[in-house]
Q: 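To start, I am sharing the structure in question, which I have written as structure tokens.
All heavy atoms count here, side chains included; hydrogens, waters and symmetry mates do not.
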Amino acid sequence: SAGQAAGQRLLPVMLKLAGRRCLVIGGGKVAARKVQDLKQSGGQVVLVSPEVSAECRESKPDELVERPYDAALLEGVHLIIAATDEAAVNARVAADCRARGLWCNVVDVPDLCDFIVPAVLRRGRLTLAVSTGGASPRAAAKLRDKLAVSLEPGVEAWLDVLALVRAQLLSQVDDAGLRRKVLLRLAGEDVLAVAGRGQSELEQLVGRLLQEHGLGEVEL
């Protein structure tokens with residue numbers, strides 16, 4: 001169907017926004033949420049609106065421009081979210097971005113979006129993102145919450161240990177095959193299960209597994 005085809009044309013990615021200028025256009029609750037999302041991802045967020053709600057001020061954008069949108073504000077911007085309650089303004093933002101090759105999301109208007117913002121769950125290093133391809137943000141949020149319930153309780157500690165071990169293996173072990181073998185073993189479900197029983201048991205297990213592969217201790 002057309003809906004299925006539209007969803008299949010989306011490429012899931014994780015953007016590195018640290019230090020990149022992002023523009024949120026709008027002054028209400030939705031704009032405030034978008035400011036918070038972008039700041040949480042490391043973006044330098046500029047909020048533009050002639051009227052700014054208390055929620056938007058409390059979201060603490062890096063820069064607040066209290067005037068109507070105009071295309072000059074797109075200069076030096078990498079990513080734009082239009083969240084005004086005026087359809088004409090949102091459409092103009094989308095057209096201006098497309099003319100400049102900039103990535104734009106118009107909240108609740110999938111046809112004007114260059115990217116769709118998924119429903120997100122963050123737990124330490126884990127980011128779980130669910131998208132319905134713009135069909136229903138509420139459904140995406142419900143599915144995200146259902147998936148969240150199924151996560152093992154030790155997933156955050158497990159991923160922290162994997163990151164530390166991987167970094168040290170890359171710097172200390174030249175044998176790429178051995179590195180892959182060890183990391184595959186540490187990514188096993190049994191290791192995740194032990195992580196749920198506590199940090200001490202996890203570290204002991206990781207130490208034993210490294211010794212089994214002829215590797216010394218890793219500083220955890």
Side-chain angles (χ1 to χ4, degrees), residues 2-3 6-7 9-123 126-145 148:
R9 287 198 294 268
L10 295 173
L11 174 67
V13 296
M14 298 291 182
L15 297 178
K16 291 183 177 181
L17 293 180
R20 294 184 180 273
R21 192 174 175 87
C22 303
L23 191 66
V24 175
I25 303 157
K29 291 182 179 180
V30 175
R33 286 204 312 270
K34 300 304 179 182
V35 170
Q36 292 171 339
D37 291 344
L38 291 170
K39 285 179 66 70
Q40 190 174 18
S41 299
Q44 294 183 346
V45 185
V46 181
L47 177 70
V48 178
S49 180
E51 298 180 2
V52 181
S53 68
E55 290 91 344
C56 277
R57 294 186 189 280
E58 291 169 4
S59 71
K60 297 181 179 179
D62 297 286
E63 185 178 338
L64 182 58
V65 180
E66 296 187 63
R67 61 183 173 85
Y69 162 81
D70 66 73
L73 293 165
L74 299 176
E75 183 67 30
V77 172
H78 294 271
L79 184 145
I80 299 92
I81 295 180
T84 80
D85 57 3
E86 298 183 29
V89 174
N90 291 338
R92 187 164 76 250
V93 173
D96 291 343
C97 290
R98 191 152 297 175
R100 291 162 175 76
L102 298 174
W103 294 97
C104 178
N105 172 273
V106 178
V107 176
D108 289 337
V109 189
D111 289 345
L112 294 181
C113 292
D114 297 305
F115 64 96
I116 300 294
V117 179
V120 175
L121 170 74
R122 298 180 189 273
R123 287 191 184 172
L126 176 68
T127 300
L128 176 64
V130 179
S131 173
T132 59
S136 173
R138 289 182 181 275
K142 287 188 176 182
L143 291 169
R144 172 205 59 197
D145 294 342

Q: Kindly indicate whether the side chain of P137, heavy atoms from C-beta on, has any atom under 4.5 Å from the side chain of D108.
A: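 Sidechains of D108 and P137: in contact.
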Q: Which residues pass the side-chain hydrogen bond (donor to acceptor under 3.5 Å, both in side chains) test with R138, not counting sequence neighbours?
A: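 With neighbours one apart ignored, the set is empty.
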Q: Closest approach of G133 and I116, non-hydrogen atoms and distance?
A: C-CG1, 4.5 Å
Q: Answer whether the closest heavy-atom distance between the side chains of L79 and F115 falls below 4.5 Å.
A: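 L79 vs F115: side chains touch.
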Q: Using 0.5 Å steps for rounding, measure from the CD atom of Q36 to the CD atom of E55.
A: 9.5 Å
Q: Might you point out which heavy atoms bring V35 and S59 nearest each other, and give the distance in Å?
A: CG1-OG, 3.4 Å
Q: Given side chains that start at C-beta, do those of V65 and V46 come closer than 4.5 Å, heavy atoms only?
A: yes
Q: Could you pull out the closest heavy-atom pair between G28 and C56, with the gap in Å?
A: O-SG, 3.1 Å
Q: Backbone N or O of I81 within a donor-acceptor pair of the N105 side chain at under 3.5 Å?
A: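 Looks like no, no N/O pair under 3.5 Å.
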Q: Inspect the contact between R92 and E86 and indicate whether a charged nitrogen and a carboxylate oxygen are less than 4.0 angstrom apart.
A: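 Between R92 and E86 there is no salt bridge, as every charged N stays at least 4.0 Å from the carboxylate O atoms.
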Q: Which heavy atom of A71 sits nearest to which heavy atom of R100, and what is that distance?
A: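 Closest heavy-atom pair between A71 and R100: CB-NH2, 3.5 Å.
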Q: May I ask you to decide if V45's main-chain N or O and D62's side chain share a donor-acceptor pair within less than 3.5 Å?
A: yes
Q: How long is the span from the CG atom in D96 to the OH atom in Y69, to the nearest 0.5 Å?
A: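 Going from the CG atom of D96 to the OH atom of Y69 covers 3.5 Å.
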Q: By side-chain hydrogen bond (donor to acceptor under 3.5 Å, both in side chains), which residues pair with R33, not counting sequence neighbours?
A: none
Q: Closest heavy-atom contact between A31 and L47?
A: CB-CD1, 4.2 Å
Q: Starting at NZ of K34, measure out to SG of C22 and round the result to the nearest 0.5 Å.
A: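 One gets 12.5 Å once the value is rounded to the nearest 0.5 Å.
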Q: Between K39 (side chain) and K60 (backbone), is there a donor-acceptor pair under 3.5 Å?
A: yes
Q: Between atom OG of S131 and atom CG of L10, what is the distance when rounded to the nearest 0.5 Å?
A: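 Output value for this atom pair is 6.0 Å.
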Q: Answer whether the closest heavy-atom distance between the side chains of R67 and L73 falls below 4.5 Å.
A: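 R67 vs L73: side chains touch.
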Q: So does R122 get a backbone contact from the side chain of T127, meaning a donor-acceptor N/O pair under 3.5 Å?
A: no
Q: If you measure from CG on L74 to CG on L102, what distance do you get to the nearest 0.5 Å?
A: 6.0 Å
Q: Under a 3.5 Å distance rule, please check whether R144 uses its side chain to pair with a backbone N or O of V120 as donor and acceptor.
A: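 Pair found, side chain donor or acceptor close to backbone of V120.
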Q: What I'd like to find out is whether the side chain of D114 reaches to under 4.5 Å of the side chain of C104, using heavy atoms alone.
A: yes
Q: Side chains of R20 and S41: any donor to acceptor distance under 3.5 Å?
A: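 The criterion, which ignores hydrogens and geometry beyond distance, is not satisfied for R20 and S41.
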Q: Where the side chain of S49 meets the backbone of V52, is there a donor-acceptor pair that is under 3.5 Å apart?
A: no
Q: Give, for atom NE2 of H78 and atom NZ of K16, the distance between the pair rounded to the nearest 0.5 Å.
A: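 One finds 14.5 Å between NE2 of H78 and NZ of K16.
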Q: Between the main-chain N or O of V107 and the side-chain N or O of N90, is there a donor-acceptor pair closer than 3.5 Å?
A: no
